[in-house]
Number of protein chains: 2
Amino acid sequence: MKNKEKHVNVRDVQDVLDLIGGRWKSAILASLCDKEKRFNELKRDLGTITPKILIKELKFLEMNKLIHKADSLAVSSFQIYHLTAHGRSLEPLIVSIVMWGKKHREMLNYS
Amino acid sequence: MKNKEKHVNVRDVQDVLDLIGGRWKSAILASLCDKEKRFNELKRDLGTITPKILIKELKFLEMNKLIHKADSLAVSSFQIYHLTAHGRSLEPLIVSIVMWGKKHREMLNYS
DNA sequence: AATACCACTATCTTTTAGGATACTATAATG
DNA sequence: CATTATAGTATCCTAAAAGATAGTGGTATT
């Protein structure tokens, strides 16, 4: 593997981490993997997040085409957040992360 | 899925992101997936990282048992960084991240 | 013996992320 | 009609992450 190719990999990794990294982004995505949700529903799921941070992260994820905000069909005038097709393509990755996390915690318990 | 279980997932995701998130951590791990490396070798691979940041991240990863620093067997008095068994268990995840990153970039190019 | 490379350390500054807290306009509910 | 819930906004603040730059002590090379 040449040096140039390695740099590309580094960039690939960093690009993805920009999208799903940080304290909340992949938690939000994980929560939306389960089902589409409204703002306050997400807020409750995430526990300690403040509205300012949540809206900021949602806008970021929306800008990056991973989620989409739409009018709820069920109750008019309610907004609902859901994953886009592109966002759903991240689901296996999120699942892998959650699974590795569980394994990691087990390992720490047994060592 | 009950609310409690969801919070656990959120924590799982956040735990893993603490380990591999941020600008450099998974880039370093990705680079070490390829092969074990010395400090300056890593520095070159990562391009723009400063020594202060690199050593900080290496120490963090070492503390979390994902990498290990050892005396090089080849050249005495040289230090070499390599993944631990636990760190290697992250490799499929890193590979998935890199692959999704490539796909993501392609998608952005075609839209 | 001089130079260059290796693996850091130290200091200072900027940038960013994230949190605390309070507030608001609209809609729904009892 | 009063209360509660929804979906945010606005302002201020702190801590942590990251970068720029310089320096150091040891080793290897020529």
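Every chain is numbered from 1 and lettered A, B, ... according to where its sequence line falls, protein lines coming before strand lines.
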Original post:
According to the side-chain hydrogen bond (donor to acceptor under 3.5 Å, both in side chains) rule, which pairs have a member within residues 13-22 of chain B, sequence neighbours left out?
Top reply: A/Arg23-B/Gln14
**OP:** Round to a whole Å and report the spacing from CD of B/Glu62 to C1' of C/dA7.
**Re:** 14 Å
Subject >> Letter per nucleotide, 5' to 3', of nucleotides 12-25 of chain D [B base touched, S only sugar-phosphate touched, - untouched; heavy atoms, 4.0 Å] >> reply: B-----BBB-----
**OP:** For A/Gln79 and D/dA5, give me the distance from atom CD to atom C1', rounded to whole Å.
**Re:** 16 Å
Original post:
Rounded to the nearest Å, what distance is computed from the CZ atom of residue A/Phe39 to the C1' atom of nucleotide C/dT24?
Top reply: 14 Å
**OP:** Starting from the C-alpha separation in whole Å, work towards a yes-or-no answer on side-chain contact (heavy atoms from CB on, under 4.5 Å) for A/Leu29 and A/Ile20.
**Re:** CA-CA 8 Å; A/Leu29 292 170; A/Ile20 69 171; 4.0 Å; yes
Original post:
Taking only side-chain nitrogens and oxygens of A/Asn40, does any of them come within less than 4.0 Å of OP1 or OP2 of D/dT6?
Top reply: yes
Original post:
Whole Å only: how far is the CG atom of A/Leu17 from the C1' atom of C/dA17?
Top reply: 15 Å
Original post:
Starting at CG of A/Leu54 and ending at C1' of D/dA7, how long is that distance when rounded to a whole Å?
Top reply: 10 Å
**OP:** Please list, chain by chain and in numerical order, all residues satisfying side-chain contact (heavy atoms from CB on, under 4.5 Å) with B/Asn40, sequence neighbours excluded.
**Re:** B/Lys43, B/Arg44
**OP:** Check every atom of D/dT6, D/dT9, C/dA7 against the side chain of A/Ile55 and return the nucleotide holding the closest atom.
**Re:** D/dT9
**OP:** Calculate the interatomic distance between A/Glu41 atom CD and D/dG8 atom C1'; express it in whole Å.
**Re:** 16 Å
Original post:
What base-paired stems does DNA chain C take part in, with at least 3 consecutive Watson-Crick or G-U wobble pairs and both distances under 3.5 Å?
Top reply: C:1-30 with D:1-30
Subject >> Rounded interatomic separation in angstrom, taking CZ from A/Phe78 and C1' from C/dA28 >> reply: 7 Å
**OP:** Using the test side chain to side chain donor-acceptor pair (under 3.5 Å), find all partners of A/Glu41 that sit at least two apart in sequence or belong to another chain.
**Re:** A/Lys35
**OP:** Nearest whole angstrom, please: distance from the P of D/dG8 to the CG of A/Leu58.
**Re:** 8 Å
Original post:
Between A/Trp100 and B/His86, what is the ring plane arrangement, given parallel below 30°, perpendicular above 60°, and tilted in between?
Top reply: parallel
**OP:** Output all residues satisfying salt bridge (Lys or Arg N to Asp or Glu O under 4.0 Å) with B/Glu36, sequence neighbours left out; order by chain, then residue number.
**Re:** none
**OP:** Using the test side chain to side chain donor-acceptor pair (under 3.5 Å), find all partners of A/Ser96 that sit at least two apart in sequence or belong to another chain.
**Re:** none
**OP:** Could you tell me which residues satisfy side-chain contact (heavy atoms from CB on, under 4.5 Å) with A/Lys59, sequence neighbours excluded, listed by chain and number?
**Re:** A/Ile55
Original post:
Among D/dT9, C/dC6, C/dC8, which nucleotide sits nearest the side chain of B/Lys69?
Top reply: C/dC8
Original post:
Can you find a side chain N or O atom of B/Tyr81 that sits less than 4.0 Å from OP1 or OP2 on C/dC8?
Top reply: yes
**OP:** Taking side chain to side chain donor-acceptor pair (under 3.5 Å) as the test, write out the residues that go with B/Glu62, two or more places apart.
**Re:** none
